[in-house]
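Right, one structure below, let's go through it.
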Number of protein chains: 2
Amino acid sequence: MGTTKLNIHDTDNNYLAKVAKVFSHPARVAIIKYISACNSGCICNDLVEEIGLAQPTISQHLSEIKKIGLLNQSAHGKSLSYSINTEKLNACRRLINDFFVKTQVSASR
Amino acid sequence: MGTTKLNIHDTDNNYLAKVAKVFSHPARVAIIKYISACNSGCICNDLVEEIGLAQPTISQHLSEIKKIGLLNQSAHGKSLSYSINTEKLNACRRLINDFFVKTQVSASR
DNA sequence: GAGTAATATTGTAATATTGCGATGTTAAAA
DNA sequence: TTTTAACATCGCAATATTACAATATTACTC
């Protein structure tokens, strides 16, 4: 008990849920917004200052976001530069939008 | 500890996260799909049979979905008929899509 | 009214998530 | 090569989530 029963659901539903989970925490939403707003390049743990969470916490959230491939990472000196993987973000957008389209089309019949 | 620090985030981010959380479990995704596919009306705990979870669990997930106003409910005899609140679903769709638009526009600059 | 079907609520066990201090790791700087 | 800055990882405490059995509730049926 306590664990989500992934096996009883189909792959599509599991994946959509997995993607949605990334966006289901305000800190991760804020992180993604911040990184995407940081034009032309390097960010790092300005995030720690910008968002009011400890460095390990931010790092943890970043790795959640990375898990679905939403971030590009490049070493820049001793600091890291993150940027949004735009294709992946688009893929997520399409995935979620398709879900809404489906649930809406059939609902309006 | 253990609790999300809602106070350090702005209302928009908190709300987006709250909405995304509803879609962050495969059972809830399945429930929403199923209800939306059930044209013209009444469903109930066919859900219990369709999705392989116990009745209290389904009931619990339904109430999570209801919390953000995504379901219309109407008593029909001793059973309940759920349907999607289409306006609300649209609102969610727009909310999420706006987020993607914002993060993408600035990312592509 | 007693029985029953459909759902909600309660209580609880198992597990996951959030957050952070302490500690590792890595690479530039001194 | 020691120091330091920027992260990542580990370990743990607090809380949340998932799932279900047991039990309530509600409204029809007999």
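Note that the structure is a prediction, hence the values are computed from the model and not measured. By convention in this document, chain letters (A, B, ...) are assigned in the order of the sequence lines, proteins followed by strands, and residues within each chain are numbered from 1.
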Euclidean distance, atom CD1 of residue Ile8(A) to atom P of dA19(D) [Å, nearest integer]: 7 Å
Distance in angstrom units between Lys18(A) NZ and dA16(C) P, rounded: 15 Å
Per-nucleotide protein contact string for nucleotides 25-30 of chain C, where B marks a base within reach and S marks sugar-phosphate only (heavy atoms under 4.0 Å, - for neither): ------
Between Tyr34(A) and Tyr82(A), ring centroids under 6.0 Å: no
Plane angle bin for His25(A) and His61(A) - parallel if under 30°, tilted between 30 and 60°, otherwise perpendicular: tilted
Whole-Å gap separating P (dT7(C)) and CD1 (Ile35(B)): 11 Å
Residue pair Ile35(A) / Leu71(A): nearest heavy atoms and the distance that separates them: CD1-CD2, 4.0 Å
Of the listed nucleotides dC20(D), dA8(C), dG19(C), the one nearest the side chain of Thr57(A): dG19(C)
Upstream residue (5' side of DNA chain D) when His61(B) and Gln60(A) are each assigned their closest nucleotide: Gln60(A)
Atom-to-atom span, CD1 of Ile51(B) to P of dT7(C) - whole angstrom: 13 Å
Residue Lys5(A), side-chain heavy atoms: nucleotide from dA8(D), dA19(D), dC20(C) that is nearest: dA19(D)
Comparing Pro56(B) and Ser24(A) on DNA chain C - which has the more 5′ nearest nucleotide: Pro56(B)
Side chain of Lys21(B) - closest among dT7(C), dC20(D), dT17(D): dT17(D)
Between C1' of dC7(D) and CD of Glu49(A), the distance in whole Å: 14 Å
Interatomic distance, Leu62(B) CG vs dT7(C) P [rounded to whole Å]: 9 Å
Ring-ring centroid check Phe23(B) Phe99(A), cutoff 6.0 Å: yes
Euclidean distance, atom CG of residue Asn7(B) to atom C1' of dT18(C) [Å, nearest integer]: 13 Å
Rounded distance in Å - CG (Leu80(B)) to P (dT25(D)): 17 Å
Shared hydrophobic cluster, Ile31(B) / Ile8(A) (ILVMFWY, side-chain heavy atoms < 4.5 Å): yes
Proximal nucleotide (of dT17(C), dC20(D), dA19(D)) relative to the His25(B) side chain: dA19(D)
Position toward the 5' end of DNA chain C (nearest nucleotide), Thr3(A) or Gly2(B): Thr3(A)
Heavy-atom check, side chain of Ile84(B) versus side chain of Asn72(B), under 4.5 Å: no
Distance-only donor-acceptor test, Gln55(B) side-chain atoms vs dA6(C) base atoms, 3.5 Å: no
pair Leu95(B)-Tyr15(B): side-chain heavy atoms closer than 4.5 Å: yes
Sugar-phosphate, base or nothing in reach of Thr4(B), heavy atoms under 4.0 Å: sugar-phosphate
